[in-house]
Amino acid sequence: MYPARRCSSLLHRDLAAVCLSSLGTHPKKSGPLKKSSFPSSRVHLPPTRSNSSPVLLMCQMGSSSRLFSTLAQTLSSAALADPHVDTDDYEYEQADPDALLRECEDVLRNRPPRLHRDFMMTRACSLQNAPIRVMQWNILAQALGEGKDGFVRCPMEALKWSERKYLILEEILTYRPDVLCLQEVDHYFDTFQPVLASLGYQSSFCPKPCSPCLDVHNNNGPDGCALFFNRRRFQLLHTAHLRLSAMLLKTNQVAIVATLRCRFTGRVFCVAVTHLKARSGWEAFRSAQGAHLLQQLCELTTQSHPEMDDENLTRVGETEDGIPLVVCGDFNAEPSEEVYRRFMTSPLGLDSAYKCLSEDGNTEPPYTSWKIRPSGESRSTLDYIWYSERAFQVDTVLKIPSEEQIGPDRLPSYHYPSDHLSLVCDLSFSQQPHRFM
């Protein structure tokens, strides 16, 4: 019998205030925090992560032991005594990302190694223009993975939240994005917000109005989109939560748009995250949602903000340019769909970063999602990182794993936590803006 894995608990908080955004000012305030523990779990797999070194400190408490490690303390102290207090009013103890990554590897030591993926450099990078690393990922809502999605080749043991959360965090910690855009987040308040806040991220969460997670027994609240950014590098100027419309009807899909200013260069840009309607037969609906999102983005990227300097105000005033834009999302649409063509031909001048992986520079990857459900096997390109072609250049792109790496049971699996692959790229501003005298 292999050693039991010990994981910290995730205290469930009352999600009545689930629409709260943690974007905005960041006052320093202490508050009551709680700790708890989670029962051990066992996975009968060979210990294939042999190169992971334990960093755990065990403390005997009566007849049971509790895991006291960096990540365990961060997770178990996540619940606030007052669920209606904005989580940004609390200052979380800053964590060491290397220590957190080592702990993830230790907890997952009996699972197969994570997918190894290399970056492809698309151009020579300038040392004077530090790139912005962007990560896009539909992480698979826990309630949907366990209760609705029907991944027939994925054992239920592989989907247990007590370990799957570590797989998700390991992926994020491995690539350490400056901007992180997530979909299907149903553990924002008790996991991702506090853990990533301890790593220096500021964030916002926008739930779906009628999340399918709420139909699942013992759910953790609605799923939605979440946007995180490195608060040491970027200052928030403005944020907007959008409920997307289609054919004049409000829909169940949402988006977050944040306007950020780089603290080092003064450059301003917008980041958006969204998740469009799923399922075959809804192509026209998705196209209408995309049209509404593009309209909103056109308006938001031509707005000025008091914190902007004269240089950025001038750029906003030039309506053919406006504020540079990055849009991340699970569009649930292949490149052949109309919503994809809308984004490619929009007046915002957007291009898709992952086309850079192809030999011709004009073709999307063959898949970003690969799963097996009762209806059959599905291999699709659904996820994208769009960027303003006039303002940004793509420096590097994280490669898509091969079919052999993914394995015959496809995704999710013991070695990968979602049915969607993460997309990661490094973007640099094309040129330094002029200095107006």
Side-chain angles (χ1 to χ4, degrees), residues 122-123 131-138 177-181 183 225 227 229 238 240 242 244 246 253-260 267-276 283 286-303 312 315-316 318-358 360-365 368 381-398 423-431 433:
T122 61
R123 71 183 192 99
I132 300 167
R133 175 158 291 182
V134 178
M135 184 174 190
Q136 148 61 30
W137 197 14
N138 179 331
D178 299 302
V179 175
L180 172 64
C181 296
Q183 299 85 36
C225 293
L227 190 153
F229 63 88
H238 181 263
L242 307 177
L244 301 182
Q253 280 64 50
V254 298
I256 304 172
V257 187
T259 305
L260 306 177
R267 297 296 295 264
V268 173
F269 65 103
C270 281
V271 181
V273 54
T274 193
H275 187 187
L276 301 188
E283 291 81 4
R286 279 191 288 275
S287 179
Q289 288 183 325
H292 179 236
L293 177 57
L294 287 168
Q295 177 189 7
Q296 294 296 306
L297 292 174
C298 283
E299 295 177 7
L300 290 167
T301 54
T302 54
Q303 289 181 2
N312 283 301
R315 293 174 67 83
V316 172
E318 297 168 356
T319 56
E320 70 276 11
D321 285 348
I323 302 173
L325 180 64
V326 176
V327 184
C328 297
D330 174 1
F331 280 63
N332 277 307
E334 292 274 10
S336 58
E337 281 198 30
E338 185 181 7
V339 66
Y340 181 91
R341 292 192 294 273
R342 280 189 184 276
F343 271 72
M344 278 297 300
T345 60
S346 81
L348 289 167
L350 300 174
D351 202 359
S352 174
Y354 262 71
K355 286 161 52 177
C356 294
L357 282 180
S358 64
D360 62 5
N362 291 309
T363 307
E364 295 289 352
T368 62
T381 301
L382 307 174
D383 309 273
Y384 305 95
I385 299 176
W386 299 95
Y387 66 98
S388 296
E389 192 174 18
R390 62 174 170 77
F392 292 108
Q393 291 180 318
V394 181
D395 296 338
T396 60
V397 179
L398 185 65
L423 306 184
V424 183
C425 71
D426 292 334
L427 300 175
S428 293
F429 281 101
S430 299
Q431 59 185 3

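What you see is a predicted model; the values in this text were computed from it and never measured.
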Counterpart residues, side chain to side chain contact (heavy atoms under 4.5 Å, CB included), relative to [X] (two or more places apart):
X	result
Gln393	Arg123, Ser430
Ala255	Leu242, Leu244, Thr274, Leu293
Ala291	Arg342
Ser346	Leu294, Leu348, Leu350

To the nearest 0.5 Å, how far apart are OG1 in Thr368 and CG in Leu382?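 Thr368 atom OG1 to Leu382 atom CG measures 5.0 Å (nearest 0.5 Å).
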As an exercise, state the distance from CD of Gln303 to SG of Cys298, rounded to the nearest 0.5 Å. 12.0 Å
Check each of Ile385, Leu357, Val326 against Cys425 using the side chain to side chain contact (heavy atoms under 4.5 Å, CB included) test, and report the only one that passes.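 Filter result, single survivor: Ile385.
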Under 3.5 Å donor-acceptor, [X] side chain and [Y] backbone:
X	Y	answer
Ser358	Glu364	no
Arg286	Val339	no
Thr301	Gly322	no
Asn332	Leu276	yes

Using the test side-chain hydrogen bond (donor to acceptor under 3.5 Å, both in side chains), find all partners of [X] that sit at least two apart in sequence or belong to another chain.
X	value
Glu338	Ser287
Glu283	none
Ser388	none
Gln289	Thr251, Gln253

Testing the basics here: between [X] and [Y], what is the closest heavy-atom pair and its distance to 0.1 Å?
X	Y	answer
Pro324	Val268	CD-O, 3.4 Å
Leu227	Ile256	N-CD1, 4.1 Å
Cys181	Ala272	SG-O, 4.2 Å

With a 4.5 Å heavy-atom cut-off, do [X] and [Y] have their side chains touching?
X	Y	answer
Leu398	Leu423	no
Leu325	Leu297	yes
Val134	Cys328	yes
Val397	Tyr354	yes
Phe229	Leu180	no
Val257	Val271	no

What pairs with Asp426 under salt bridge (charged side-chain N to carboxylate O under 4.0 Å, His left out), at least two apart in sequence or on another chain? Arg133
Could I get the full list of ring-ring contact (aromatic ring centres under 6.0 Å, His included) partners for Tyr387, not counting sequence neighbours?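 Result, ring-ring contact (aromatic ring centres under 6.0 Å, His included) vs Tyr387: none returned.
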Return the set of residues passing ring-ring contact (aromatic ring centres under 6.0 Å, His included) with Tyr384 (not counting sequence neighbours), or none when no residue passes.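 Here the qualifying residues are Phe331, Tyr340, Trp386.
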Per the salt bridge (charged side-chain N to carboxylate O under 4.0 Å, His left out) rule, what does the pair list look like for residues 343-356, sequence neighbours excluded?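 Counting only pairs at least two positions apart or across chains, the salt bridge (charged side-chain N to carboxylate O under 4.0 Å, His left out) contacts touching residues 343-356 are Asp351-Lys355.
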By the definition side chain to side chain donor-acceptor pair (under 3.5 Å), identify the one residue from His275, Gln136, Gln183 that meets it with Asp330.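 Considering His275, Gln136, Gln183, a side chain to side chain donor-acceptor pair (under 3.5 Å) with Asp330 is found only for His275.
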